[in-house]
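Written out below as structure tokens is the structure these notes cover.
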There are 2 protein chains.
Amino acid sequence: MSDVFEITEKDLLGRIGKLYTPHGIVETPTVMPVINPNLRLIEPRELKRYGAQMLITNSYIIYRTERLREAALSKGLHEMLDFDGPIMTDSGSFQLSVYGSVEVDNPGIVSFERDIGTDIGVPLDIPTPPDVPYARAREELEITLAREAEAKAYKGDMLLAGPVQGSTHLDLREEAARRTYEIGFDIYPLGAVVPLMETYRYKDMVDVIVRSKMGLGPDAVVHLFGAGHPMMLALAVALGCDLFDSAAYALYAKDGRYLTVDGTYHIGQLTHLPCSCPVCMAHTAKEIAGMDDATRTRLLAEHNLYVTFAEIRLIKQSILDGDLMELVERRCRSHPRMLSGLKQMMNYSAYIEKFDRVTKSSFFYLGPESARRPEVIHYNRLLKNLQVSGKVLITTRRDVDSRGFDRVFHVKAPFGVFPEELSESYPIGQSEVIPELDCEAREAALQNIADFISSHPGTQFTFAYDQPWECQSIERLAAIAGLIRLG
Amino acid sequence: MSDVFEITEKDLLGRIGKLYTPHGIVETPTVMPVINPNLRLIEPRELKRYGAQMLITNSYIIYRTERLREAALSKGLHEMLDFDGPIMTDSGSFQLSVYGSVEVDNPGIVSFERDIGTDIGVPLDIPTPPDVPYARAREELEITLAREAEAKAYKGDMLLAGPVQGSTHLDLREEAARRTYEIGFDIYPLGAVVPLMETYRYKDMVDVIVRSKMGLGPDAVVHLFGAGHPMMLALAVALGCDLFDSAAYALYAKDGRYLTVDGTYHIGQLTHLPCSCPVCMAHTAKEIAGMDDATRTRLLAEHNLYVTFAEIRLIKQSILDGDLMELVERRCRSHPRMLSGLKQMMNYSAYIEKFDRVTKSSFFYLGPESARRPEVIHYNRLLKNLQVSGKVLITTRRDVDSRGFDRVFHVKAPFGVFPEELSESYPIGQSEVIPELDCEAREAALQNIADFISSHPGTQFTFAYDQPWECQSIERLAAIAGLIRLG
Ligand SMILES: [Mg+2]
Ligand SMILES: [Mg+2]
Ligand SMILES: [Zn+2]
Ligand SMILES: [Zn+2]
């Protein structure tokens, strides 16, 4: 068990947790606004107003800027930034990836982070970008792992992050996660995912997150490094990410961009402000677009923070309510590439099911992806243990002659069969489905019915179905059950 | 053409319009907060702060309350309510439907509305509830139509609403709409839809709206009477509704309920406030839940108004951007019954297509319903005019040997075929689709391909397809085209 992280609530791979830091407890999931120590768009102490609990800044920028270095070493990072909550610092890895070299080594930067009193430090890892040759990803990963192990000797009382690299080579990501976890860190950033998000490669992002999770213990605090767009937060939390950081709120603001949970607008493109935050209630789009650069940037940054933390609160509430999956299904309709990400998430349902909470207040069918939810797998896994024998009728309609059968099962898509006595139990009783069957919901139900039949070889099954169920897949059931077409 | 309504932008059946009233121009779509003249939770003049342009109150309550009646007759409605914008008044029809009788007749209430200076008055129509026998719906409809015709003689300079009734008998709704439109009114409320919304019958709501629209001219201002939950606004606007009214903001607030675009929470159920409105930024859920009744109700009403008008602004922006369909597809995933409503909307795509704008900035594939969008129908209708002859290859892959063919067409789901020269044009070039084909997207494309082939009988077609397209429906193409299975 992690000695800095306590999980209080779960839904899918998502969780609400308490992260204990030298400067207080942070409730996760949360986003850390990125502070540029040279250019404070919004004063760090003001950020709490928008919902921020914790900040992240760059120790390397402080290190190589004499004025900042002196101040940080003499007064400490917190006094220098005038912020009394937890602060994480990045190490210069990003600069290393951009410029090819940095003016500090791994022990040097970790010692510096420790000396200025950062709450969570990061070693000088190598953020290997997506799609590089396997050999390079492997080579850089070994350097990263060695530096991470080395960093532990210099960390002092500081919490230490162990970044997980491996590029888009998923076996390397999983291995990196496992080996980093074995070394043992306080938080685990998943590195170099920004290029995936910038190019809308959410399917690959899902792969990288899930394969990393598979290598980490469930108690590992996972930080999706560089990710903070409100559009993808629900999906990433559902996959088990706890921490995010947002430079976007400020960088996008400088560029005139206005964040929403469904994507990004340029302020000049907006006639109406589709938000009720204090900024948007006090101004029109035209007013903001016409302001001087500094004021416009400041207001957009504030709006961007408001929407980001409102989304974090909605995600937390959804975890408490057990309806995070429904939120993810909605959010993944902001863009077709997000939908691809959702479909990829469902390819990991059997894995997610192992960690998901056992009951939820409801199950909403919201599209083909709902048919492959972890809850559907969970239900059918349990159902296989049900004892049945003799002649069993499985029927899609209730008004059917069941004389001559020892037992009757009903059908609910996408789940499959259920006996009357489970009709009020979770998830059958709590699932809201629609009469208009998507093809995937029908196919999932038929597959689950076939699996149920196959797992009870001593029993004689008959399947009675009506018109909405008519399809080619019915024929597959003919080999294992009698079929009755209801008029 | 309506002489009080000017349409400035369109998307689907939705539009942005200007409604000219005696107290100023209202930009539609918009929601009119309902004012209870006996109990002003929020002062009418304050409502503009949340985004309200126009209010609605009940003339019958004013009429039968002596103090209010005297004040309204002597000072006028606007001074009595201290609101200088447009005010619509309902007539007592609701009370009639609840109590069976009212203490005023149709000429009496219309004259009263006129005398107190209402901007838009409503006759004493009969709001026939859903599911009543046909004969009753017919009988009440004839009374409503007679009273509507009668009301015109008493309206003076007031704008007059002609409610469309007919219960859930869709032919009656369409007839009611047509006959009401023939009599001629300034706005057309669709009546008695509240019971449908209260029971989540969004599929039936879609039917009632669309069939009413079919009877009305496109210049008719449509008011979805009694509807104001932010969850269904985008869907209703997309179907052509321009005005809404919300008693919900106040009634729900009294009951401790907190509205969101995805549904309703009870404030006591919330740990986190998933919103960034001024109320939610200034308070925690626990604080609000623990306040005295009046303060809690006031704050919840303010939040409810903030989210309602933020949604109206998003809907307007989406109409301007031509991506209202994408918003509707997201919003219809708040509940499976909303998804049923969306699927029902797509059953009317051929009708919607006739009024939809011709090009849009993008087309996002977001699920099986996207496959049936009006844009897909529109594209294929135009495509049928394309001249082709000789030997034509239709191929799902580009790296295919096309020697021996006079022409090559490519395939994009859900649209169907496209020639190279249309690959950059709308909608082919602007459509973002996913490689993971939902069964409905594939079937729609195959159907569109079959229709295209059938509409060019002199041409010899060959269809070359690869693995994702493998399915039973391919066999149907065998009768009208040569088939090549690509390895
Ligand atoms: Mg919920
Ligand atoms: Mg848009
Ligand atoms: Zn805002
Ligand atoms: Zn709020």
Side-chain angles (χ1 to χ4, degrees), chain A residues 49-51 203 260 262 265 269-278 280-281 285 303 305-307 309-318 320-321 326-327 329-337 339-340 343-344 364-370 431-436 438-440 443 471-472, chain B residues 49-51 203 260 262 265 269-278 280-281 285 303 305-307 309-318 320-321 326-327 329-337 339-340 343-344 364-370 431-436 438-440 443 471-472:
Chain A
R49 186 198 308 159
Y50 307 95
K203 180 171 184 281
T260 82
D262 296 316
Y265 291 99
Q269 166 198 356
L270 285 172
T271 302
H272 304 282
L273 294 175
C275 172
S276 58
C277 85
C280 295
M281 292 314 299
H303 160 83
L305 287 168
Y306 279 125
V307 295
F309 286 103
E311 180 69 357
I312 287 289
R313 291 191 296 276
L314 177 56
I315 291 167
K316 284 187 191 176
Q317 186 64 44
S318 300
L320 293 175
D321 293 344
E326 281 82 357
L327 177 64
E329 290 191 57
R330 281 194 290 277
R331 288 294 184 256
C332 285
R333 285 179 165 85
S334 59
H335 191 279
R337 299 292 198 92
L339 183 59
S340 286
K343 286 179 184 288
Q344 190 64 2
F364 279 0
Y365 180 86
L366 301 177
E369 300 75 25
S370 304
S431 56
E432 291 268 358
V433 302
I434 55 174
E436 306 87 354
D438 285 329
C439 155
E440 287 81 358
E443 295 298 323
C471 67
Q472 199 177 13
Chain B
R49 185 198 308 159
Y50 307 96
K203 180 172 185 282
T260 82
D262 296 316
Y265 291 99
Q269 165 200 354
L270 285 171
T271 302
H272 304 283
L273 294 175
C275 172
S276 57
C277 84
C280 295
M281 291 314 299
H303 159 84
L305 286 168
Y306 278 125
V307 296
F309 286 103
E311 181 68 357
I312 287 290
R313 290 191 297 277
L314 177 57
I315 290 168
K316 285 186 190 175
Q317 186 64 44
S318 300
L320 293 175
D321 292 344
E326 281 82 356
L327 177 63
E329 290 193 56
R330 282 195 288 278
R331 289 293 184 258
C332 286
R333 285 180 165 83
S334 59
H335 191 278
R337 299 291 198 92
L339 183 59
S340 285
K343 287 178 184 287
Q344 190 66 3
F364 280 179
Y365 180 87
L366 300 177
E369 300 75 26
S370 303
S431 57
E432 292 268 358
V433 302
I434 55 173
E436 306 87 354
D438 285 329
C439 154
E440 287 82 359
E443 295 298 323
C471 67
Q472 199 177 12

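Protein chains get the first letters and strands the later ones, always in sequence-line order, with residue 1 at the start of each.
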Chain A contact via B:H303 - side chain, backbone, both or neither, heavy atoms under 4.5 Å: neither
Which portion of B:Y50 sits near chain A, non-hydrogen atoms under 4.5 angstrom: backbone
Donor-acceptor contact present, side-chain A:R313 to main-chain B:H272, <3.5 Å: no
Heavy-atom pairs under 4.5 Å with chain A, option from B:L270, B:T260, B:L320 with the top count: B:L270
Top of B:R331, B:K203, B:Q472 for chain A proximity - count of heavy-atom pairs under 4.5 angstrom: B:Q472
Which of A:C439, A:A285, A:C280 touches chain B most, by non-hydrogen pairs under 4.5 Å: A:C439
Between A:D262, A:V433, A:V307, the one whose heavy-atom pairs under 4.5 Å with chain B are most numerous: A:D262
B:E440: side-chain hydrogen bond (donor to acceptor under 3.5 Å, both in side chains) partners, not counting sequence neighbours: none
Per-residue contact mode, B:E369 against chain A (heavy atom under 4.5 angstrom): side chain
Residue among A:L314, A:L366, A:I434 with most heavy-atom pairs under 4.5 Å to chain B: A:L366
Selection from A:Y306, A:F364, A:F309 maximising heavy-atom pairs under 4.5 Å formed with chain B: A:F364
Heavy-atom side-chain proximity of B:E432 to A:L339 below 4.5 angstrom: no
Side-chain donor or acceptor of A:E326 paired with backbone N/O of A:S318 under 3.5 Å: no
Options B:S276, B:P278, B:A310, B:G367, ranked by heavy-atom pairs under 4.5 Å with chain A, top entry: B:S276
Step-by-step salt bridge (charged side-chain N to carboxylate O under 4.0 Å, His left out) determination, A:K343 to B:D438: CA-CA 10 Å; A:K343 286 179 184 288; B:D438 285 329; 2.4 Å; yes
Between A:S370 and A:E329, a side-chain donor and acceptor under 3.5 Å: yes
